[in-house]
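Please read the structure below before turning to the comments.
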Amino acid sequence: EGAWDFYWADVWWMKEIFDRAYLEDQMRINHFRNHYELTRKNLMVKNLKRLRRQLERDCGKAEAQKCDFFPSTFELPSEYHIFVDEFRKSPGSIWIMKPIAKSQGKGIFLFKRLKDITDWKRGVEYQPQLLSPDGTSQAIETYVVQRYIENPYLIGGRKFDIRVYVLVTSYNPLKVWLYRSGFARFANFRYSLATIDDNYIHLTNVAIQKTAPDYDPEKGCKWSIQQLRKYLTGKHGQQKINCLFQQMTNIFVLSLQSCQRVIINDKHCFELYGYDILIDSDLRPWLIEINASPSLTASNKEDYDLKFGLLNDVLNVLDLENRLTGREKRIGLFDLMWDDGPVYSEEGGIEDVISSYTSAANSNLGLEIYQNAESLKKATSANV
Ligand code: ADP
């Protein structure tokens, strides 16, 4: 209602109101109409599998293998039989079951034996009509079942995953900005495969970890990406870690390309994605999930500064006041990474070109950031 230029809509609004809304030229909204194509766990995988098939057809097996950055995944119940075939091929492996429409680790569990999901299949998650004796049947909840990454990279014996922010301002042509900052979220307890039903060990969501018995909100369970990159570089050397971060850039670009033709482009829409990446002990990054509404709640002062700066920079990139030339490659901590093709960094190129099809794009993820809000503001206005 009323006049507005910028609307931070929830996904409900996109579904119920967007199609009926009259949007003036300057109005901007934080989702694309069918954002879920990338942010629903099952649809993300469907789009990635399609891209992999297409790359194999058009460019061959080697190119298609660049899409092998997501663990083997099946939708349940529809792909149950294919999953069982795959499961039997790798006896003893661990799998993770996730409801597609939930977040913050809700409803997730790990299992090793088919019998464990036979029990689950009899339960109310799979057959919610068991809940309604009055005969009103609800739809069966869709899950994805995914190969569990059993060898995560550990720091201090603990598992972590990385949250990276990626801003898409257009799908056609594809225009993508990568935020230099982000964080690693650590589990509170030491990693072990001896107990696969302990969520404090295996799920790194802050929503889960902050309920751990000795969680300290001041200490939190996060490192900045800068801290992480420094640590990893110190341990493994620049070349390996540059390669790791370059592979992450490939994940961002390929996943967005996988749904480029599916997403309904609209000049009023943009999307700030929260990517969750897990690194394994071979320094290989895996895409775990992409969030359409990454949490902007701050868990402490440092987190507040990160998220405040992030939103400030999103608004600067969107440029509602028309102050930019449109040729900027860097705005605040956002680097233009893809603009209908890779965007090369002005600050010294990237050595490890993974693929001409995708990357060599700007990737300063985890590199230099400004020390305080004042210098951040100065840098932003200098760019403007
Ligand atoms: P949610 O939307 O509920 O956060 P995610 O898919 O992000 O669901 O999974 C929650 C957490 O579980 C992740 O942050 C990660 O720590 C862990 N996890 C999820 N999938 C895997 C996997 N395939 N291998 C290892 N850990 C995983």
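Start at 1 and go down the list; that is how both ligands and their atoms are numbered. In this chain, residues are counted from 1 in sequence order. The basis for the numbers below is simple: all heavy atoms, side chains too, and nothing from hydrogens, waters or symmetry mates.
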In terms of atom number and element, which parts of ligand 1 are under 4.0 angstrom from non-hydrogen atoms of [X]?
| X | value |
| --- | --- |
| N205 | 1 (P), 4 (O), 10 (C), 11 (C), 14 (O) |
| H202 | 16 (O), 17 (C) |
| D276 | 7 (O) |
| K102 | 2 (O) |
| G105 | 1 (P), 3 (O), 4 (O) |
| K41 | 1 (P), 2 (O), 6 (O), 8 (O) |
| I108 | 3 (O), 8 (O), 9 (O), 10 (C) |

Worksheet item: For N205 and Q104, does a side-chain donor sit closer than 3.5 Å to a side-chain acceptor?
Response: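 Absent: no donor and acceptor within the cut-off.
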Practice prompt. Taking atom types as modelled, find out whether E271 and N30 have a side-chain donor-acceptor pair closer than 3.5 angstrom.
Written response: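 No, no side-chain donor-acceptor contact under 3.5 Å.
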Fill in: Set of side chain to side chain contact (heavy atoms under 4.5 Å, CB included) partners for E150, sequence neighbours left out
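If we apply the side chain to side chain contact (heavy atoms under 4.5 Å, CB included) test to E150, skipping adjacent residues, the hits are S93, I94, Y148, L193.
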Would [X] count as a polar contact of ligand 1, with the cut-off being nitrogen or oxygen pairs under 3.5 Å?
| X | result |
| --- | --- |
| D161 | yes |
| N291 | no |
| I288 | no |

Can a cation-pi geometry be assigned to [X] and [Y], taking NZ or CZ under 6.0 Å from the six-membered ring centre and within 45° of the ring axis?
| X | Y | answer |
| --- | --- | --- |
| K222 | F183 | yes |
| K46 | Y36 | no |
| R180 | F334 | no |

Worksheet entry | All side-chain hydrogen bond (donor to acceptor under 3.5 Å, both in side chains) counterparts of D198, not counting sequence neighbours |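 With sequence neighbours excluded, D198 shows a side-chain hydrogen bond (donor to acceptor under 3.5 Å, both in side chains) to no residue whatsoever.
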Item to complete: Assert yes or no for the condition that the ring centre distance of W338 to F252 is strictly below 6.0 Å.
Response: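 Centroid separation for W338 and F252: 6.0 Å or greater.
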Worksheet item: How many angstroms lie between atom CG of L287 and atom CG of N250, to the nearest 0.5 angstrom?
Response: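 Between L287 CG and N250 CG, I get 12.5 Å after rounding to 0.5 Å.
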Worksheet item: Does some non-hydrogen atom of E150 fall short of 4.0 Å from ligand 1?
Response: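 Not so, E150 does not reach ligand 1.
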Practice prompt. May I ask which of T39, L278, L203 has a heavy atom nearer to atom 12 (O) of ligand 1 than the others do?
Written response: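 The option holding the nearest heavy atom is L203.
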Practice prompt. Please report which non-hydrogen protein atom sits nearest to atom 26 (N) of ligand 1, along with the residue it belongs to and the distance in Å to one decimal place.
Written response: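 Its nearest protein heavy-atom neighbour is K159 NZ, 2.9 Å.
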